[in-house]
Amino acid sequence: MKSELRRTHHCGELSTAQIGETVTLCGWVHTRRDHGGLIFVDLWDKEGLTQVVLNPQIDQLAHQNAQSLRGNYVISVRGQVRARPEGMVNPKLNTGQIEVYIDDLHILNTSKTPPFSGWEDQEVSEALRLRYRYLDLRSEQLQKNLKQRYRISKVARNVLDRHGFTEVETPMLTKSTPEGARDYLVPSRVNPQKFYALPQSPQLFKQILMVAGLDRYFQIVKCFRDEDLRQDRQPEFTQIDVELSFADEATIFRLVEEMMAEIYQEVLGITLETPFPVIRYQDAIDRFGSDKPDLRFGMEIVDLGDVVQGTNFKVFAEVLASGGQVRALNVKNSAEALSRKMLDDLTEIARTYGAKGMAWIKIQKDELQSPITKFFEKEMLDRLIDRMGGEVGDTIVFIADTPKVVADALAHLRLALGHQLKRVDTSQHRLAWITDFPLLEYDEEAGRYAAMHHPFTAPAGDDLGKMTSDPGALTARAYDLVLNGNEIAGGSIRIHQRDVQNRMFELLGIGAEEADEKFGFLLEALEFGAPPHGGIAFGLDRIAMLLAGADSIRDVIAFPKTQKATCLMTQAPSTVDLKQLRELKLKFDLS
RNA sequence: GGGGUCGUAGUUCAGUUGGUUAGAACGCUGGCCUGUCACGCCAGAGGUCGCGAGUUCGAGUCUCGUCGGCCCCGCCA
């Protein structure tokens with residue numbers, strides 16, 4: 001190996017302990033300060049910065065070479081570590097006690113002036129950052145995020161390994177199946193007119209691995225869903241995918257709690273309390289309006305249906321008459337903070353989720369300030385405020401609508417208020433299980449039931465009779481793990497008996513023939529001694545995002561896509577040669 | 001599919017009721033400088049105002065369209 005590449009230390013680990021030693025450092029020129037006689041270079045690598053000094057009295061040639069150095073040049077330097085002179089210590093640098101006097105300098109590569117520097121705090125548009133992702137990834141924050149993400153998956157792997165899990169890879173080129181998200185399709189050259197689909201998750205394969213007797217499987221794996229992007233959604237994302245045989249919810253919960261606790265301990269040094277609280281789906285909806293409640297603050301929803309029964313206020317009366325709900329939040333001690341403008345903005349939020357409006361009452365010292373109190377008798381108002389626990393200074397916000405709109409609107413109002421009024425304790429990490437989901441939800445558009453989780457989720461109670469008599473009332477053995485209002489994992493106990501699975505497909509309006517065509521391999525596998533099994537899948541990107549305190553999932557993915565699912569660095573997706581299309585026997589419909 | 005928001009030197013931004021040669025800071029280039037660390041001082045270069053139409057004597061500014069980034073609704077079993 002060339003001597004200039006025989007790196008002895010990283011930039012960032014040198015301290016007074018190495019004083020007197022001759023060291024070799026490799027890295028990028030972060031800043032260069034040329035004093036004519038003396039040249040200072042801050043040398044950067046992933047571990048930090050070291051100031052190196054080029055003094056013509058130490059080495060004439062090195063000093064001369066250093067004059068051509070520019071920002072981002074890649075260099076190797078050799079020299080002696082010395083204590084900085086009196087008063088020249090830089091407390092802002094970890095290595096600020098020392099500097100290295102260079103006697104040998106090699107320019108390993110030059111660099112164009114970059115459009116921006118990852119090392120500076122300056123705000124740069126996200127488009128430019130994505131185009132030059134390799135520059136952005138030099139930033140301390142992104143380097144930290146990627147390293148932390150790696151540690152999360154490493155701890156997860158360790159915990160699962162300790163519990164007898166085997167990591168098994170499953171196909172990326174697989175079969176398109178109905179239900180769920182839109183598939184990414186891959187044409188097959190040797191089978192013209194036929195397509196693979198990239199997996200939305202390894203769901204069916206992991207169940208079949210249970211039939212195969214693997215007993216405990218996991219995989220840290222990319223999944224693909226061709227749906228619109230969000231702050232926390234990318235078209236390709238990573239799951240920690242887990243499946244166990246001969247296990248029930250309790251086994252899985254304890255395993256996951258151990259894993260999450262260990263991740264928090266190892267990565268953030270935070271001790272989590274286990275077991276995590278369990279909230280039933282319907283309770284979560286009633287209390288928070290959401291199946292992924294943020295438990296870092298209170299402000300729970302209160303039902304007022306019985307209190308306002310018989311009111312003259314037409315809006316409430318009509319909603320109740322048509323089977324709707326009237327529910328409200330008591331925003332404690334907010335009457336002063338909530339301006340008219342803020343209430344208008346909150347009303348807009350409520351409208352986003354389908355509400356026609358948002359009523360409110362401010363409880364002032366001597367009066368109730370509100371656009372709606374004039375419609376109420378005093379006695380009803382007293383009962384209403386009593387039910388809400390209303391005190392002077394509180395604001396009560398109401399939504400009256402269908403149960404779904406009431407829940408959605410109040411859930412988002414609660415979050416907006418929680419953040420705007422700083423009621424969310426952001427130092428907390430509140431995890432909870434959400435259980436007892438409905439098995440099915442009615443799809444108005446399709447005019448049939450659809451699986452709320454997925455079609456392989458076992459119904460609670462093993463009640464086959466009920467599956468036909470009242471499918472809407474069935475509960476699923478499904479569970480989500482929620483962290484600070486984010487769904488970070490979801491899973492279920494699966495159906496392991498062919499006849500139950502058949503019944504499930506019937507309920508979903510999938511005929512025997514279609515089921516056989518799409519899922520025949522699974523149905524068949526269930527007939528060959530499928531053990532009871534269940535599992536869970538974690539969204540690694542989201543966990544990494546939350547633990548990093550990042551605003552977007554993009555900040556924990558090395559090469560993320562834009563909202564239009566493009567990669568600004570590679571320019572993917574792109575057109576392809578006609579030749580490639582011909583080989584695939586594909587042609588565009590130009591109509 | 002829909003709503004919102006942003007787009008002006010390499011970068012971040014300013015740019016008045018539509019009016020002369022579109023500015024600043026940082027960065028960049030050259031020169032000077034032996035204790036700087038956001039080095040300093042002097043000089044300089046750098047613009048398809050995202051793109052395309054339109055209105056106007058005249059458009060960075062107004063109108064329409066379009067492209068792109070971000071946030072949201074729908075969608076995401």
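In what follows, chains are A, B, ... by sequence order, proteins preceding strands, each numbered from 1.
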In Å and rounded to the nearest 0.5 Å, what is the NZ to CZ distance from K175(A) to F205(A)?
10.0 Å

Let me know the distance between CD of E126(A) and P of G68(B), rounded to the nearest Å.
16 Å

Would you say C71(B) has OP1 or OP2 under 4.0 Å from some side-chain N or O of Q563(A)?
yes

Choosing from G74(B), C71(B), G35(B), which nucleotide comes nearest the side chain of S552(A)?
C71(B)

Can you find a donor-acceptor N/O pair under 3.5 angstrom joining the side chain of R33(A) to the base of C33(B)?
no

Just to be sure I understand the rule, does Y101(A) reach a base, reach only the sugar-phosphate, or reach nothing, if contact means heavy atoms closer than 4.0 Å?
base

On RNA chain B, compare the nucleotides closest to G37(A) and S125(A); which residue's is nearer the 5' end?
S125(A)

Report the distance from atom CG of L38(A) to atom C1' of G40(B), rounded to the nearest whole Å.
14 Å

Please determine if R477(A) and E249(A) form a salt bridge, counting it only when a charged side-chain N lies under 4.0 Å from a carboxylate O.
yes

Geometric class of the H454(A)/F456(A) ring pair [parallel <30°, tilted 30-60°, perpendicular >60°]
tilted

Can you figure out which of G74(B), U36(B), C70(B) approaches the side chain of R554(A) most closely?
C70(B)

Which part of the nucleic acid does Q231(A) contact within heavy-atom distance under 4.0 Å: base, sugar-phosphate only, or nothing?
sugar-phosphate

Should the pair R133(A)-D136(A) be classified as a salt bridge under the 4.0 Å nitrogen-to-oxygen rule?
yes

Ignoring backbone atoms, test whether T566(A) places a side-chain nitrogen or oxygen under 4.0 Å from the OP1 or OP2 oxygen of G69(B).
yes

Closest listed nucleotide, where the reference is the side chain of Y353(A) and the choices are C70(B), C73(B), C75(B)
C73(B)

Q501(A) and Q497(A) side chains, donor-acceptor separation under 3.5 Å:
no

For U36(B), does either OP1 or OP2 sit under 4.0 Å from a side-chain N or O belonging to R84(A)?
no

Value in whole Å for how far the P atom of C71(B) lies from CD1 of I553(A):
11 Å

Integer angstrom distance from the P of A25(B) to that of C42(B)
12 Å

I'd like the P distance from U63(B) over to G7(B), given in whole Å.
14 Å

Can a donor-acceptor pair be found, under 3.5 Å and without considering hydrogens, that links the side chain of N55(A) to the backbone of L38(A)?
no

Quick one: label P115(A) by what it contacts on the DNA or RNA (base, sugar-phosphate, nothing), any heavy atom closer than 4.0 Å.
sugar-phosphate

Paired nucleotide for A53(B) [Watson-Crick or G-U wobble; both distances under 3.5 Å]:
U63(B)

Could you measure between the two P atoms, the one in G30(B) and the one in C67(B), and give it in whole Å?
42 Å

Can you label the angle between the F437(A) ring and the Y281(A) ring as parallel, tilted or perpendicular, going by 30° and 60°?
tilted

Between C76(B), G35(B), C37(B), spot the one nearest the side chain of R225(A), thanks.
C76(B)

With sugar-phosphate taken as primed atoms, P, OP1 and OP2 and all else as base, the protein-contact string of nucleotides 22-32 of chain B at under 4.0 Å (heavy atoms; B, S, -) is ------SSS--

Base-pairing assignment for G58(B) (Watson-Crick or G-U wobble, both under 3.5 Å)
none

Would you say a side-chain N or O of K92(A) is under 4.0 Å from OP1 or OP2 of A38(B)?
yes

Given that T31(A) and S201(A) both sit by RNA chain B, which one's nearest nucleotide is further toward the 5' end?
T31(A)

Under 3.5 Å on both distances, the Watson-Crick or G-U partner of U5(B)
G69(B)

Are R554(A) and E126(A) within salt-bridge range, i.e. N to O under 4.0 Å?
yes

If you go through the side-chain atoms of E99(A), does one of them form a donor-acceptor pair with the base of G35(B) closer than 3.5 Å?
yes

M88(A) has a side chain; which of C70(B), G10(B), G35(B) sits nearest to it?
G35(B)

Roughly, in whole Å, what's the span from CG in N55(A) to P in G35(B)?
11 Å

Would you indicate which nucleotide in C76(B), U36(B), U11(B) comes nearest to any side-chain atom of L128(A)?
U11(B)

Applying the 3.5 Å cut-off to both distances, the Watson-Crick or G-U partner of G35(B) turns out to be none

Please give the distance between the C1' atoms of A53(B) and C71(B) as a whole number of Å.
30 Å

Of the candidates C70(B), C73(B), G35(B), the side chain of T352(A) sits closest to C73(B)

Scan E348(A) against the nucleic acid and name what it touches under 4.0 Å (heavy atoms): base, sugar-phosphate only, or nothing.
nothing

For R82(A) and U36(B), what is the distance between atoms CZ and C1' respectively, to the nearest whole Å?
17 Å

Pairwise C1' distance for C72(B) and G15(B), with rounding to whole Å
31 Å

Output the single nucleotide from U36(B), U12(B), C70(B) whose closest atom is nearest the side chain of V124(A).
U12(B)

A43(B) - base-pair partner by Watson-Crick or wobble geometry, distances under 3.5 Å:
U29(B)

In whole Å, measure the gap between the C1' atoms of U12(B) and G74(B) for me.
35 Å

Hey, can you tell me if F505(A) and F519(A) have their rings parallel, tilted or perpendicular (30° and 60° cut-offs)?
parallel

Any base atoms under 4.0 Å from A450(A), or only sugar-phosphate, or nothing? Heavy atoms, all strands.
nothing

Short side-chain to backbone donor-acceptor contact, R32(A) and G71(A), under 3.5 Å
no

Rounded off to whole Å, could you give me the CZ-to-P distance for the R230(A) and G3(B) pair?
15 Å

Would you check if there is a donor-acceptor pair between the side chains of R78(A) and S76(A) at a distance under 3.5 Å?
no

Using purine N1 to pyrimidine N3 plus N6-O4 or O6-N4 for Watson-Crick, or N1-O2 and O6-N3 for G-U wobble, each under 3.5 Å, what pairs with U12(B)?
A24(B)

Check the distance between U36(B)'s P and F40(A)'s CZ and give it to me in whole angstrom.
7 Å

Would you measure the distance from the C1' atom in A22(B) across to the matching atom in C76(B) and give it in whole Å?
46 Å

Could you tell me the separation between the NE2 atom of H30(A) and the C1' atom of C39(B), rounded to a whole number of Å?
14 Å

Between G23(B) and C64(B) - C1' atom distance, rounded Å:
30 Å

Using a distance-only test with no angle check, is there a side-chain donor-acceptor pair under 3.5 angstrom linking Q141(A) and N145(A)?
yes

Compare the aromatic ring of H35(A) with the six-membered base ring of C39(B) and state whether they stack according to the 5.5 Å and 30° rule.
yes

Short side-chain N/O contact from K564(A) to OP1 or OP2 of G68(B), under 4.0 Å:
yes

State whether the distance check finds a donor on one side and an acceptor on the other, under 3.5 Å, for side chain E123(A) versus base U11(B).
no

